[in-house]
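Accompanying notes for the structure given below.
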Number of protein chains: 2
Amino acid sequence: MAINSQEGPRYDADALASPEGFGPVRARADKGRAITAAARAVFGRDGYARTSIDAIAAEAGVSTRTIYNHFEGKQQLFSAVLLASATRVAEGFIADVERRLTAANPGGDRRGDLLALGRSLAALRGDFPEHFGMVRQIEAEAPHFPPETIAAWQQAGPLRVLREIARRLEQLADGGLLRVGDPSVAAVHFAALVTADLTTYYGAPAPDDLGGVEAFLHGYATPPRAP
Amino acid sequence: MAINSQEGPRYDADALASPEGFGPVRARADKGRAITAAARAVFGRDGYARTSIDAIAAEAGVSTRTIYNHFEGKQQLFSAVLLASATRVAEGFIADVERRLTAANPGGDRRGDLLALGRSLAALRGDFPEHFGMVRQIEAEAPHFPPETIAAWQQAGPLRVLREIARRLEQLADGGLLRVGDPSVAAVHFAALVTADLTTYYGAPAPDDLGGVEAFLHGYATPPRAP
DNA sequence: TGTAAAGCACAACGTGCATGGCAATCAACT
DNA sequence: AGTTGATTGCCATGCACGTTGTGCTTTACA
């Protein structure tokens, strides 16, 4: 049930980059990586309940028996894959923000910074489709998963992303562009607006311009009053 | 596969209020209503894949055989229940908006109107928990359902709600409170902000004050510039 | 009271799936 | 070559589920 088991040969295969060493250790890590990659793809595509171990094994090019040598079972496999994937996505987001903001910084264009932040957030869904497939699954099936799994995923993924957004918004507020009360609330609103643009309720292709960022920046109010 | 079948004794049981007539017809409609109500509850609680026909039959107090006498199968039952539920929710929303807005109207308080609109939208999730459980399921499993089912649901539910929001926002814009470009885009943003407040990413209790409406109304920008 | 429709319990069939056991195989290291 | 550990194919078990068939029972009305 727990994310990391304590006995047996289990481990977080995705975290092991295994840059050193060949031999069976290398092969073992490769199998583990293949399994997690395949599981991420199939879980994201078909959802937890519809995904069979056989399908994952086929996609990974391993036998089902090998999967059970690496993971305790379907549920633990899903938890491990989700956690690793969320960590990678969150780290990718933070790095992407850093990259885009320093690229836009030279002009000191803080408005461009906000747009860059929105673009980084919007790019996630396109860059990690398998991961967000899994996220949709969790959101639907959260009551049927162990709470530790949910909590661990939130901490590793969305909450970390929101914290980063809040930090950046606070910077922009200090720079004079924004007026934010609670930065974490503002971060939730920002994320909601940006992702709302993407889905277009529902299924239409994502527009490249981020109207939500404009809405966030300008607001719809004609007379600006202080809250 | 289609929403409404053309042969056999099938029908949309929820749409039949059957105020007239007793006898077997009445009993038949009651069974149908019990089935749809139970299906809505169980589907919303456990999701499509985890829900068994046996569970629905038990919740409805009927035999599984009766379910198959009323509906073609699990999938068609889900589609019918989702469509009926979405229609009811959308109609409830529109009626609730009308009620709240006319209640706030006497003072001509347009800002109160916007808040009332937000409250109506926010109240939906609390008033129809089973329905939004089903919605979460569809969002996750949309690729595995027939496209006609998805389209019919969107037309009956979210798109209708969004259209109503856009209409109201346009009124408020004409009244001078808001500056909206495309009302339907503004409606998406409004809905996103209000629902973002509710989930609090994820699972925290809903705050009663709607910060998202404030954000929508005031915006975060210090200097109000024209877009 | 008789009749026809609707509902019921029960069982059965076929399928798919998670999971485990076991012996054979394979690849690397001694 | 022998050892060791990972991997595999194959089989088996057990369960849960969708769906259908079959008589028996209820129910409303003539």
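In what follows, chains carry the letters A, B, and so on, assigned in the order in which the sequence lines appear, proteins first and then strands, with residues in each chain numbered from 1.
- Here A:Phe93 pairs with nothing under the ring-ring contact (aromatic ring centres under 6.0 Å, His included) rule; sequence neighbours left out.
- Summarising the geometry, the separation between CD1 on A:Ile35 and C1' on D:dA6 is reported as 11 Å, rounded to the nearest angstrom.
- Looking at residues two or more places apart in sequence or on another chain, you find a side chain to side chain contact (heavy atoms under 4.5 Å, CB included) between B:Asp127 and B:Ala123.
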Sequence-aligned protein contact record of nucleotides 8-22 of chain D, with B where the base is within under 4.0 Å of a protein heavy atom and S where only the sugar-phosphate is = BB-------SSBBB-
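- A rotation axis mapping the C1' atoms of four pairs onto the next four is fitted at both ends of the helix from C:dT1-D:dA30 to C:dT30-D:dA1 over five pairs, and the angle between these axes is 10° to 10 degrees.
- Ring geometry, B:Phe78 versus B:Phe43: the interplanar angle exceeds 60°, so the pair is classed perpendicular (tilted spans 30 to 60°).
- Shown here are the salt bridge (charged side-chain N to carboxylate O under 4.0 Å, His left out) partners of A:Glu164, two or more places apart in sequence or in another chain: A:Arg167, A:Arg168.
- Partners of A:Glu130 by side chain to side chain contact (heavy atoms under 4.5 Å, CB included), not counting sequence neighbours, listed by chain and number: A:Arg40, A:Ala41.
- The interatomic distance linking A:Ile67 (CD1) with D:dA6 (C1') rounds to 15 Å, in whole Å.
- Taking the salt bridge (charged side-chain N to carboxylate O under 4.0 Å, His left out) definition, one finds that A:Asp46 meets it with nothing, sequence neighbours left out.
- Under the ring-ring contact (aromatic ring centres under 6.0 Å, His included) criterion, B:Phe128 pairs with no residue, sequence neighbours left out.
- C:dA18 atom P lies 14 Å from atom CZ of A:Phe78, rounded to whole Å.
- Under the rule for a salt bridge (charged side-chain N to carboxylate O under 4.0 Å, His left out), the partners of B:Arg50 that lie at least two apart in sequence or sit in another chain are A:Glu141.
- Between D:dT7 and A:His70, a contact under 4.0 Å exists linking OP1 or OP2 to a side-chain N or O.
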